[in-house]
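First the proteins, then the strands, lettered A, B, ... as listed; each starts at 1.
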Number of protein chains: 2
Amino acid sequence: MISSAPQALKPRKRPQQRRASATVDAIFEATIQLLVKDGLSQLTTTRVAERAGVSVGTMYQYFPHKQALIYAVNERYLDRLAERVEATCREWQGNPAGDMVEALIDTYWHTKTEKPDVTRALYRSVVEMDNEALISAFAVRTDAAITAMLASASDNDGSDARSNTRTLVTVIFGAVRNSFERGHSGEVAEDLRRQLVIMCRAYLDRHGR
Amino acid sequence: MISSAPQALKPRKRPQQRRASATVDAIFEATIQLLVKDGLSQLTTTRVAERAGVSVGTMYQYFPHKQALIYAVNERYLDRLAERVEATCREWQGNPAGDMVEALIDTYWHTKTEKPDVTRALYRSVVEMDNEALISAFAVRTDAAITAMLASASDNDGSDARSNTRTLVTVIFGAVRNSFERGHSGEVAEDLRRQLVIMCRAYLDRHGR
DNA sequence: CCATGATATGAAGAATTATTCAGTTTGAGG
DNA sequence: CCTCAAACTGAATAATTCTTCATATCATGG
């Protein structure tokens, strides 16, 4: 997935030599660390450069401004998330819908809770930077993957596919995120995950469709 | 519900005379308008004062800093939301759980979509200001109200009340918010609302509990 | 109608921070 | 080893914005 950021947010140039690649990586890493530690409002270009071990000028060679830097960091992050969801969807093609849903919940749950502070910090920065377009792009990709997966379900009866898929997607992504933001963990989180699976299965198995 | 903000975010003083009340109201209103129009990053104390028709100094008589102002605006807003959820919960005491859930979904859906831009703008400002404690407080209040309501359900079989309630709350609030953020509206939103009700009812009616 | 505390004013001060650019260093290919 | 473009440097600039405070006006109860 190639960066197709809006003109104003595009990187200035891509690194060509090896040391330049290392520089850009260091800048990304420093940015994430600072977002986690102090949040966007405390993140200054000088501090990013400092922590990355380069000078401000260097940062400005690759990113025309702070906004573009944050955008790039989040684009890379969400890209990787989307890839994982797509992989799960490919993997479960042709299985019963209930199992698909369970796998999807597990995958998404994992991506959120693996590095909770990074998840939180980056999400927050997206909101602050008004970059929700990145989240939409993520949703478009995952929606497509999930729709394709569910269409291939061995027990697919073909009725109301659009509505059912939309409902499942909205509920699963919404509930997992909400659970995450409520700080559920351990026993509680595990129970909720199970209950969510039960609920989705009950929805799929309902009679009065 | 009296303001019990952390020391650092408390208003400097409450208005005593009538004209002071009007001033504070104007400041609140101006703040919300600016948040909706330009977002927090463009909101300066000068602009708030300007739009409220007072001078900066006046604003600083009531709020020690910008942070406290935003905090107060959101506190007032979430307070009102919580009251509406609590009202619904009181109203449906003793009914069947399925109907309660439906009523809850309707109420929450309404509060979100009534003034979508205000909802979005204020939520965003909470995130940017790192005031998630306000959202927790909101959750604590609504959780308590919903727990009490469900405990009174005419068809309550008493099993796993804690887990069931937590699941329903997390799913409903999460899904409604996610639907809202995805920009669902019209037909699509209405269908999703119905499906969400169906899903929750299916969960409540499931056999293998 | 007067005294006093409440309320309002807004120019000035202090601090922070994004961004540039003229100049230096590095590395890869010939 | 030489050349040239790529990469890097960081002090200086320019702009923005929060917050204060000395001063002025208002409203209310005695």
A:Gln16 atom CD is separated from D:dC4 atom C1', nearest whole Å, by 14 Å

Closest heavy-atom pair, B:Met100 versus B:Met149, reported as atoms and distance to 0.1 Å, is CE-O, 3.0 Å

Does A:Arg76 make a cation-pi contact with A:Tyr71, if we ask for NZ or CZ under 6.0 Å from the ring centre and within 45° of the axis? no

Heavy-atom closest pair (A:Ser55 atom, A:Ala49 atom, distance to 0.1 Å) is C-CB, 3.7 Å

Rounded off to whole Å, could you give me the CD-to-P distance for the B:Glu50 and C:dA11 pair? 12 Å

B:Met59 CE to C:dA8 C1', in whole Å, measures 14 Å

Side-chain N or O of A:Thr46 closer than 4.0 Å to phosphate OP1/OP2 of C:dT17: no

Compare side-chain N and O positions of B:Ser55 against OP1 and OP2 of C:dG10 and report whether any pair is under 4.0 Å apart. no

Take A:Gln42 and A:Gly57, find for each the nucleotide of DNA chain C with the closest heavy atom, and name the residue whose nucleotide sits nearer the 5' end. A:Gln42

Would you indicate what B:Leu69 reaches in the nucleic acid, counting non-hydrogen atoms under 4.0 angstrom: base, sugar-phosphate, or nothing? nothing

In whole angstrom, give the distance that lies between atom CD of A:Gln61 and atom P of C:dT26. 15 Å

Heavy atoms under 4.0 Å, any strand shown: does A:Val56 hit a base, just sugar-phosphate, or nothing? base

Answer with base, sugar-phosphate or nothing: what part of the nucleic acid does B:Thr45 contact at a heavy-atom distance below 4.0 Å? base

Length of the line joining A:His65:NE2 and C:dT20:C1', which is rounded to integer Å: 15 Å

Start with the C-alpha distance between B:Asn164 and B:Tyr203, add both sets of side-chain angles, then the distance that settles side-chain hydrogen bond (donor to acceptor under 3.5 Å, both in side chains), and finish with yes or no. CA-CA 9 Å; B:Asn164 282 352; B:Tyr203 175 68; 3.1 Å; yes

Only one of B:Leu81, B:Val85, B:Asp79 passes side-chain contact (heavy atoms from CB on, under 4.5 Å) with B:Arg141, and that residue is B:Asp79

Can you identify which nucleotide, out of D:dC18, C:dA8, C:dT17, has its nearest atom closest to the A:Thr44 side chain? C:dT17

Indicate the ring-plane relationship of A:Phe63 and A:Phe28, choosing parallel, tilted or perpendicular according to the 30° and 60° boundaries. tilted

Interface residues of residues 17-32 of chain A with DNA chain C (non-hydrogen, below 4.0 angstrom): A:Gln17, A:Arg19

B:Thr45 and B:Tyr60, any side-chain heavy atoms less than 4.5 Å apart: yes

Quick one: label A:Thr58 by what it contacts on the DNA or RNA (base, sugar-phosphate, nothing), any heavy atom closer than 4.0 Å. base

Can you tell me the distance, in whole Å, between the CD1 atom of B:Ile70 and the P atom of D:dC18? 10 Å

Working note: B:Arg201 + B:Glu102, criterion salt bridge (Lys or Arg N to Asp or Glu O under 4.0 Å); need CA distance, chi angles, decisive distance, verdict. CA-CA 9 Å; B:Arg201 285 187 185 275; B:Glu102 184 155 4; 2.9 Å; yes

Round to the nearest Å and state the distance from A:Arg12 atom CZ to D:dC8 atom C1'. 14 Å

Gap between atoms OH and P, on B:Tyr62 and C:dT9 respectively (whole Å): 10 Å

Starting the side chain at C-beta, find the nucleotide from C:dT7, C:dT20, C:dT9 nearest to A:Tyr60. C:dT20

Under 4.0 Å from OP1 or OP2 of C:dT7: is there any side-chain N or O of B:Lys13 that close? yes

So what does B:Phe63 touch, heavy atoms closer than 4.0 Å: a base, only the sugar-phosphate, or nothing? nothing

